[in-house]
Amino acid sequence: MPVPLNAYLEPIMSDSDPFDLGDIPEEETARSLSAQAMGGMRPPYLRSLNEAQQEAIEALDGPVLVLAGAGTGKTRVLTTRLAHALSTKKAWPGQILAVTFTNKAAKEMQHRIGSLIGGVVEGMPWLGTFHSIGAKILRRHAELVGLRSDFTILDMDDQHRLLKQLIKAEGIDEKRWPARQLAAHIDGWKNRGLTPDKVPAGDAEHFGNGKGASLYAAYQERLKILNAADFGDLLLECLRLFQENPEVLSDYQDRFKYMLVDEYQDTNVAQYLWLRLLAQKHKNICCVGDDDQSIYGWRGAEVDNILRFEQDFPGAKVVRLEQNYRSTPHILGAASGLITANESRLGKTLWTEMNEGEKVTLRGLWDGEEEARVIGEDIEQLQRDGHLLRETAILVRASFQMREFEDRFINLGLPYRVVGGPRFYERMEVRDANAYLRLVAQPDDDLAFERIMNKPKRGLGDKALQTLHQLARQQGISLSRAARLLIETEELRQPARRNLKDFIEMVDRWRALMPGMGHIELAETILDESGYTEMWQNDRSADAPGRLDNLKELVRSMEHFENLAGYLEHISLVMEIEQADTADKVNLMTLHSAKGLEFDTVFLPGWEEGLFPHQRSLDESGLAGLEEERRLAYVGITRAKKSARISFASNRRVHNLWQSSLPSRFVDELPKDHVDVVEGDTNFGGYGSFSQSRFDHEFSQSNYGGPGWQRAQANARSGAMKTRAPDLEGHAELVATSDPAASSYNVGERVFHQKFGYGHVAEIDGNKLTVDFEHSGRKKVIDTFVERHA
DNA sequence: CTGGAGGATCTTTTT
DNA sequence: GATCCTCCAG
């Protein structure tokens, strides 16, 4: 994330007149002179734009909705609009809020504005993703929502572990109510802007026999104790901050003279509310989006937000960008024809001045393997014809489809790259390393502590961890504080105790190094001294070398940051490591990660009922799900500049068993005029014509209870039967020891300890007791581990 | 407390 | 087919 240019922002944030040039450093004045020099003339950056684009750019004041179809120059409009606001001096960089969804988009905008205005525009402090901007605002006012400004941002793995603990503590059977499901619910609530107290009663019953809402509340409470926020909180807590603190809100309302929202069709309710609050004052909000490309409904995105824009912002100007600069007429025709099957859309008609080009091809194949082979051959042919591999992409519905292509390409020696695959920061070893860094930076980060306490093995297993947890909970302190207490006592057996002590001291030592040592050197020291690197060096498994490489890469990536805190903030918000991979490789990715990209040739394999549209989408969201799948297909086709090649297979291996499949209904919805059916040389399936698939379509509609669906039902049934008695053990433990009033013991008092038996208190040092046990001799223990015994 | 064996479950998409 | 989890034997 960009480093804020405080030097030049501060004056703007203060009460001084933002247009007072006296506050702006020289270079800035020099730059804005070029804008002034344009005078009344049409600024040069507007010249090569079409009418609609210019309209979208020049309508700076008042609410504007820009409906930007695929390939209509959306990003250009966005950035030019920004540049326009700046160069006409309607606003200074610090007064423009520009939000995107992905870090990639934010970076691209940053970059393009830079080249438009010329020079440094890291000065756009409020250009970023919803999440990064939310985090930035929250850090400034953390104490108002019960956090400290150095709060940790949890990733999904952390979130998952935490929820698991809570579910266990509630005595709920985790088999039946998996943590990931609860996480999905909580995410859903947060996306809809619901705090625990606002979760509708009916909703909460979906989880753990109606315990959903209370678990959510418990989770939020726990987050506050951990001084942590999850992804959803970055928005929801920010929203709460605004709602509960009008003066804070009004401050931001004043500040953001102009607001710009990219991919508006992907906003969820929380984001929508957030935007609305902020736009209340100046009302200069410009939302850019395409309802036909809304593909994140499952993540809480509300297509409604864009469909409702004109009601939400009365007097809104709506600009349609319909001239497409990317694709040939056939490709556009195929995509447009397909998307007309959707009912809920605002409707646009894309057109182009390009030459006809080739039709979209459609190919039926025997199985997934053949599909991979044929596409591989196609790509090799393209290569021979002088096409670049990097201008070729294979877009799949689900990531498991990638495997067959990878296998095939490795076989062929065809270079490929998986875009948006397993993320760097999600790898286990990288997370472990980050946990070390987090623990050093933030001593009370329990999740980090827990993660690495016994990695590498230090003889601190479950037992030690449980003892620690118990103590931490009773004392209301963090694990590392609890550890400090524990090593003073004899609660843990000798090896564990010594190991824990060593561990604590090691972390303390690193922390002490922090002020003097650069963060990179520090990271190296930590990885080295902790034995973590060594652990992988001694590991004989096949993936160990790769993991070591990743650790090196991690340390290298830290160079981009000024300090440890900056690095940690970055990785929690940006899951991807930036790498300039410009090599000529075929691109392999999911349809979702293809949004916003374009390629000469696009392969769209796997157009089969159940896979695409995905069965689960249909089961869970019905018609809305189907329409979203169709939009996904639309996104896929419109990625192609020159050639789109759709295929489907009659047989596919799923979970290691073969399933026969029918061509996707989307195949039938493609307008014939724009499609060529290609006969494969091994056309076992006999899908030579549309009539066959139309017939299959009829069949498939009555085939709703397909194998997958039946299996799902069977699972649900057996799950229901598996209900077990609630786990009482956890409760018993709580009841036995959680008695805060009992912490004051007297010397000579008789006490009972679970492990050491009966004894008399000999000395008292705070909450540490020295007890003479009748059978175990003199021991130091923490008072919460003993019971008073009359 | 560790490590290995065997079992269950998984695969839709992601900031 | 992989990964994660649980259980059991040292």
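Excluded from the calculations below are hydrogen atoms, water molecules and symmetry mates; all remaining heavy atoms, backbone and side chain alike, are included. Letters A, B, ... mirror the listed sequences (proteins, then strands); counts begin at 1.
Comparing B:dT13 with C:dC4, their P atoms sit 16 Å apart, to the nearest whole Å.
Counted by atom type alone, A:Asn651 and A:Asp367 present zero donor-acceptor pairs between their side chains at under 3.5 Å.
Atom CG in A:Leu632 sits about 10 Å away from atom P in B:dT14, given to the nearest Å. To the nearest angstrom, C1' of B:dT12 lies 8 Å from CD of A:Glu629. In this structure, the OH atom of A:Tyr264 is 21 Å from the P atom of B:dT15, given to the nearest Å. Regarding A:Met428, its CE atom lies at a distance of 9 Å from the P atom of C:dT3, rounded to whole Å. Rounded to whole angstrom, the span from the CG atom of A:Asn191 across to the P atom of B:dT15 amounts to 13 Å. Whole-Å rounding puts the A:Arg652 CZ to B:dT11 C1' distance at 13 Å. Between the CE atom of A:Met402 and the C1' atom of B:dT12 there is a distance of 11 Å, rounded to whole Å. What separates CD of A:Glu263 from P of B:dT13 is a distance of 19 Å, to the nearest Å.
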Pairs under 3.5 angstrom, nitrogen or oxygen only, protein versus nucleotides 8-10 of chain C, please.
none

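A:Asp230 comes within 4.0 angstrom of nothing in the nucleic acid, heavy atoms only. The residue A:Phe400 sits close to a base: some heavy atom pair falls under 4.0 Å. Heavy atoms of A:Arg631 sit nowhere under 4.0 angstrom from any nucleic acid atom. Counting non-hydrogen atoms under 4.0 angstrom, A:Tyr296 reaches the backbone sugars and phosphates but no base.
Side chain of A:Gln220 to backbone of A:Tyr216: no donor-acceptor contact under 3.5 angstrom is found. Within the 3.5 Å criterion, the main-chain N or O of A:Lys457 finds no donor-acceptor partner in the side chain of A:Asn454. Between the side chain of A:Arg240 and the main chain of A:Val145, a donor-acceptor pair closer than 3.5 Å is present.
A cation-pi arrangement is not found for A:Arg631 relative to A:Tyr634, the charged atom failing to lie both closer than 6.0 Å to the ring centre and inside a 45° cone about the ring normal. Within the cation-pi definition used here (under 6.0 Å to the ring centroid, within 45° of the axis), A:Arg630 does not qualify as a partner of A:Phe666.
The phosphate of B:dT11 has OP1 or OP2 within less than 4.0 Å of a side-chain N or O from A:Arg180. The side chain of A:Asn454 places an N or O atom within less than 4.0 Å of a non-bridging phosphate oxygen (OP1 or OP2) of B:dT2. In this model, the phosphate group of B:dT13 is approached by a side-chain N or O of A:Ser399 to a distance below 4.0 Å at OP1 or OP2. Here A:Lys164 reaches the OP1 or OP2 of C:dC5: one of its side-chain N or O atoms lies under 4.0 Å away.
Comparing A:Arg299 and A:Arg458 against DNA chain B, the residue whose closest nucleotide sits nearer the 5' end is A:Arg458.
Interface remark: the A:Trp298 side chain does not form any donor-acceptor pair with the B:dT12 base, using a distance-only criterion of under 3.5 Å.
Nearest to the side-chain atoms of A:His592 among the listed nucleotides C:dA2, B:dG3, B:dT13 stands B:dT13. Closest contact between the side chain of A:Ser617 and the listed nucleotides B:dT12, B:dT15, B:dT14 involves B:dT12. The nucleotide whose nearest atom lies closest to any side-chain atom of A:Arg403 is, among B:dT11, C:dG1, B:dT14, C:dG1. Here the side chain of A:Arg397 is nearest to one of B:dT2, B:dT15, B:dT13, namely B:dT13.
With its ring centre under 5.5 Å from that of the base six-membered ring and a plane angle below 30°, A:His614 counts as stacked on B:dT12.
A salt bridge links A:Arg652 with A:Glu404: at least one charged nitrogen is closer than 4.0 Å to a carboxylate oxygen. A salt bridge does not link A:Arg403 with A:Glu406: every distance from a Lys NZ or Arg NE/NH1/NH2 to an Asp or Glu carboxylate oxygen is 4.0 Å or more.
By the side chain to side chain donor-acceptor pair (under 3.5 Å) test, A:Glu369 is found to be paired with no residue, residues two or more places apart in sequence or in another chain being considered.
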